[in-house]
Amino acid sequence: MTLPITLSAVAAAALINIWLSIRCGQVRTAEKVSVGDGGNDKLIRRMRAHANFNENTPIVLVMIAALEFAHTGSTALAAVAGLFMLGRVAHGLGMEGGSLGVGRMIGTIITLLTQLGLAIWAIMSAMS
């Protein structure tokens with residue numbers, strides 16, 4: 001069985017992960033920081049954005065896959081997956097601070113609500 005929503009979400013997550021990694025590498029190169037963060041605030045922010053993505057994304061992808069398996073072809077699930085990915089991009093940009101800082105809050109809220117919503121949906125699905 002193919003899981004097109006999950007496959008699309010995983011592909012989007014991989015691209016966002018690459019983007020976040022490249023952003024860390026850009027600062028590392030510019031600031032000549034090979035290992036660690038070198039105390040560089042910009043690098044610390046980008047590393048935390050990358051780490052936060054990798055801390056939150058696996059559980060969301062697992063829940064998306066499980067729910068898609070249980071409810072094939074759910075438009076709502078595809079929308080949630082897309083919104084989650086947009087939230088992760090907003091968070092990554094928001095970690096820069098300044099005028100983009102609001103993106104961090106938006107991304108965090110979207111991430112937490114996505115996890116809560118998917119968890120409730122999974123529990124309801126398991127009970128039915």
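Taken to the nearest 0.5 Å, the OG atom of Ser34 stands 7.0 Å off from the CZ atom of Arg28. In this structure, Ile18 CD1 and His50 NE2 are separated by 9.5 Å, a value rounded to the nearest 0.5 Å. Taking CG of Leu67 as the start and OG1 of Thr6 as the end, the distance is 9.0 Å to the nearest 0.5 Å.
At a threshold of 4.5 Å between side-chain heavy atoms, the hydrophobic network of Ile, Leu, Val, Met, Phe, Trp and Tyr places Met85 and Leu77 in one connected group. Cluster annotation: Phe84 is not connected to Met95 through the hydrophobic network of ILVMFWY side chains, with a link wherever side-chain heavy atoms come within less than 4.5 Å. Hydrophobic clustering (side-chain heavy atoms under 4.5 Å, transitive across Ile, Leu, Val, Met, Phe, Trp, Tyr) groups Val60 together with Phe53. In the hydrophobic clustering of this structure, Val80 does not group with Leu86; members are Ile, Leu, Val, Met, Phe, Trp, Tyr whose side-chain heavy atoms approach within less than 4.5 Å, directly or through other members. Hydrophobic clustering (side-chain heavy atoms under 4.5 Å, transitive across Ile, Leu, Val, Met, Phe, Trp, Tyr) keeps Trp121 apart from Leu83.
With a 4.5 Å cut-off on side-chain heavy atoms, Lys42 and Gln26 do not count as touching. By the 4.5 Å heavy-atom criterion applied to side chains, Leu93 and Arg23 are counted as neighbours. Using a 4.5 Å cut-off on side-chain heavy atoms (C-beta onward), Trp19 and Val89 make contact.
With sequence neighbours excluded, the residues satisfying side chain to side chain contact (heavy atoms under 4.5 Å, CB included) with Arg45 are Asp41.
Between the side chain of Arg46 and the main chain of Gly92, no donor-acceptor pair closer than 3.5 Å is present.
The two atoms that bring Ile5 and Ala81 nearest to each other are CG2-CB, 4.4 Å, heavy atoms only. Between Ser125 and His71, the shortest heavy-atom distance links the atoms OG-NE2, 2.7 Å.
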Under 3.5 Å, side-chain donor or acceptor atoms of residues 9-16 against the rest of the protein: list the pairs with distances, not counting sequence neighbours.
none

Could you list the donor-acceptor pairs under 3.5 angstrom formed between side-chain atoms of residues 100-118 and any protein atom two or more places apart in sequence or on another chain?
from: Thr108; atom 1: OG1; to: Arg104; atom 2: O; distance (Å): 2.8
from: Thr111; atom 1: OG1; to: Arg88; atom 2: NH1; distance (Å): 2.6
from: Thr111; atom 1: OG1; to: Gly107; atom 2: O; distance (Å): 2.8
from: Thr114; atom 1: OG1; to: Ile110; atom 2: O; distance (Å): 2.7
from: Gln115; atom 1: NE2; to: Asn56; atom 2: OD1; distance (Å): 2.9

